[in-house]
Amino acid sequence: MSLQAFRGEYLSVSRDPRDDPDAVRHDPDGLLVVENGIVVARGNHADLASRYPGLAIQHLPGLIVPGFVDAHIHYPQMDRIAAHGEQLLDWLDRHIFPAEMAFADLAHAQRVATLFLDELLRNGTTSALVFPTVHAHSVDALFEAALARNMRIVSGKVLMDLGPDGLADTPQTARAQSEALIRHWRGRGRLGYAVTPRFALTSTDAQLQVAGDLLAEHPEALLHTHLAENPREIAAVAARFPEQRDYLDVYDRFGLVGGRSVFAHGVHLPDRSCARLEESGAGIAICPSSNFFLGSGCFDFAQADAHGVRLGLGTDIGAGTTFSMLHTAGLAYQAGQMRGTSIDPFRALYLATAGSAALLHVGDRVGALEPGQEADFVVLDSAATPLLARRTQGVSLAERLFALQILGDDRAIRRTYIMGQCAWDRDMNR
Ligand code: GUN
Ligand code: ZN
């Protein structure tokens, strides 16, 4: 049995503070007690320490928040961040599909998976829902590297039988390879499987039906895809599926809309889709840096909130421009501003942690640093840069958190802990 205790300033937001103002938990001088990687107690140091006499206490310097949960990211695209010039469909053709073809080589996939997970840890991200490529071994490469780091990663082979030459599977191979991967990886480490059709435009009707069948046969799997991201994409979906009421309705036709579905973007949704998302329990992974970068638009928080749609946050690397979920929380604020909604910094933290964890159906395991959860956490440094230090001096907690979201990034991640073990220490890697 291994017992650890960490003393420091803790902040977590376990539920959406719009619904529950008591969801914000702040322990200015807190103690976290961890047994075999699981939080067994959390409270004021003064109240809790006497219950653990003789236990060595580690002091953590900074603001400690739950490890970030990235609800939408592509690992094969990390080397294509900052590809200049196009919006979504042309960007895919020119930059992304060629990059993903290189993953036919397992050794390349393994190299990138390693760099990718290390970059997540550098940015304080401990859990993620990840797009690999169409190649089944791209999932193996990612899961093996995640297992080695004990990270909570959900992924699944991309289905895209209408993809370009060299990147297209078939309904049959999609089914067989997905089933083999689900069987092989079930119950291993902290991994989970997501049935992952790329988007409506890259799968035939027959393959979208395979995705629906896989979900029906594997109720523990998530559904992970893109939805209503960019105007030209949305027009192409409407042209191909004239009989469906809207983009979400295409997925509904094949049984892909349910409580375990995660749709990236949802920038341009009719009210009917929002009502259907709420009714089904499906969630949206909002990806503000990607939406800015590809010129897709800005997520409409007011519309989603009016319908009670479940929300999380993603970086969407490589259309996204930052691995930092801290910075992505600040960009969510800026996207909100563009459409008249002012996102509270505690809500932005919720979206980047427990909100995304709920979308991934791991909210009981991570995202809030509550007893019973896995001890994944991040130590933030509000003096990471001279400007941050100046801007956070003598201000309220809300102002400090907001300054970290607007001015912070990987530089503000002092340490990242996975189940109580330090997995990244900025100051040891300078
Ligand atoms: N839609 C279909 N594929 C992709 C992708 O790789 N990135 C983004 N941002 N949108 C997509
Ligand atoms: Zn994406």
Side-chain angles (χ1 to χ4, degrees), residues 70-83 85-103 112 116 128-135 138 142 154-164 167-169 194-204 207-208 211 222-237 240 247-248 250-251 256 261-269 283-299 312-323 325 328 331 335 356 359-360:
D70 190 332
H72 180 69
I73 185 166
H74 299 247
Y75 96 82
Q77 297 181 13
M78 68 178 285
D79 293 327
R80 284 293 175 279
I81 297 173
E86 289 83 15
Q87 293 216 357
L88 174 63
L89 297 180
D90 297 322
W91 171 83
L92 285 172
D93 285 339
R94 178 163 167 217
H95 301 289
I96 296 307
F97 291 153
E100 293 193 5
M101 283 175 199
F103 284 68
V112 176
F116 170 80
L129 176 57
V130 184
F131 256 72
T133 65
V134 71
H135 313 94
S138 74
L142 179 68
V154 183
S155 190
K157 178 199 131 54
V158 178
L159 316 182
M160 46 186 299
D161 62 340
L162 290 178
L167 219 48
D169 56 355
V195 175
T196 310
R198 181 168 210 121
F199 67 156
L201 295 178
T202 38
S203 288
T204 59
Q207 192 179 59
L208 291 169
L222 299 186
L223 181 281
H224 183 199
T225 190
H226 297 88
L227 171 70
E229 174 181 1
N230 189 275
R232 258 192 64 212
E233 166 219 15
I234 294 165
V237 170
R240 175 167 153 208
Y247 197 153
L248 186 70
V250 173
Y251 292 139
L256 304 182
S261 304
V262 180
F263 297 105
H265 306 294
V267 176
H268 308 280
L269 293 173
I284 298 280
I286 306 164
C287 305
S289 82
S290 164
N291 298 158
F292 294 145
F293 183 75
L294 290 179
S296 298
C298 293
F299 185 76
L313 214 53
T315 59
D316 194 28
I317 295 296
T321 52
T322 176
F323 269 81
M325 287 293 288
T328 300
L331 294 172
S356 288
L359 288 198
L360 273 59

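Excluded from the calculations below are hydrogen atoms, water molecules and symmetry mates; all remaining heavy atoms, backbone and side chain alike, are included. Both counts, for ligands and for their atoms, begin at 1 and track the order of listing.
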Show the atoms of ligand 1 that are less than 4.0 angstrom away from any heavy atom in [X].
{"X": "Asp316", "result": "8 (C), 9 (N)"}
{"X": "Leu92", "result": "2 (C), 3 (N), 4 (C), 5 (C), 6 (O)"}
{"X": "His265", "result": "9 (N)"}
{"X": "His74", "result": "5 (C), 6 (O), 7 (N)"}

When you look for heavy atoms under 4.0 Å from ligand 1, do you find them on the side chain of [X], its backbone, both, or neither?
{"X": "Leu201", "answer": "neither"}
{"X": "Phe293", "answer": "neither"}
{"X": "Thr202", "answer": "neither"}

Any [X] side-chain heavy atom under 4.5 Å of [Y] side chain:
{"X": "Asp79", "Y": "Val112", "answer": "yes"}
{"X": "Ile284", "Y": "His265", "answer": "no"}
{"X": "Leu256", "Y": "Leu208", "answer": "yes"}

Checklist entry - With a 6.0 Å cut-off on ring centres, are Phe103 and Tyr75 close enough? => result yes

Checklist entry - Quick check: does His226 put an N/O/S atom under 2.8 Å from the Zn ion (ligand 2)? => result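 Under 2.8 Å: His226 contacts the Zn ion (ligand 2) through an N, O or S atom.
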
Item to check | Pair Gln77, Asp316: side-chain N/O donor-acceptor within cut-off below 3.5 Å | outcome: no

Checklist entry - Under 4.0 angstrom from ligand 1, any heavy atom of Gln77? => result yes

Checklist entry - Taking atom 7 (N) of ligand 1 as the point of reference, which of Phe199, Trp91, Phe131 owns the nearest heavy atom? => result Trp91

Item to check | Minimum-distance N/O/S atom that Asp316 presents toward the Zn ion (ligand 2) | outcome: OD1

Item to check | His74 atom (N/O/S) at minimal separation from the Zn ion (ligand 2) | outcome: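 Nearest N/O/S atom of His74: NE2.
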
Checklist entry - Going through the checks in order, is the ring-ring contact (aromatic ring centres under 6.0 Å, His included) test met by Phe131 and His226? => result CA-CA 11 Å; Phe131 256 72; His226 297 88; 4.9 Å; yes

Checklist entry - Tell me, which protein residue and heavy-atom name are nearest atom 3 (N) of ligand 1, and how many Å apart are they? => result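 Atom 3 (N) of ligand 1 sits closest to the protein heavy atom Arg198 NE, 2.9 Å.
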
Checklist entry - Which protein non-hydrogen atom lies closest to atom 10 (N) of ligand 1, naming both residue and atom, and how far is it? => result Glu229 OE1, 2.7 Å

Checklist entry - Are Arg80 and Glu100 close enough for a salt bridge, meaning some N to O gap below 4.0 Å? => result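 No, Arg80 and Glu100 are not salt-bridged.
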
Checklist entry - Considering all heavy atoms of both residues, which atom of Leu359 and which atom of Ala71 are nearest to each other, and what is their separation? => result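 Residues Leu359 and Ala71, closest heavy atoms: CD1-CB, 4.4 Å.
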
Item to check | Residue pair Phe299 / Val267: nearest heavy atoms and the distance that separates them | outcome: N-CG1, 4.3 Å

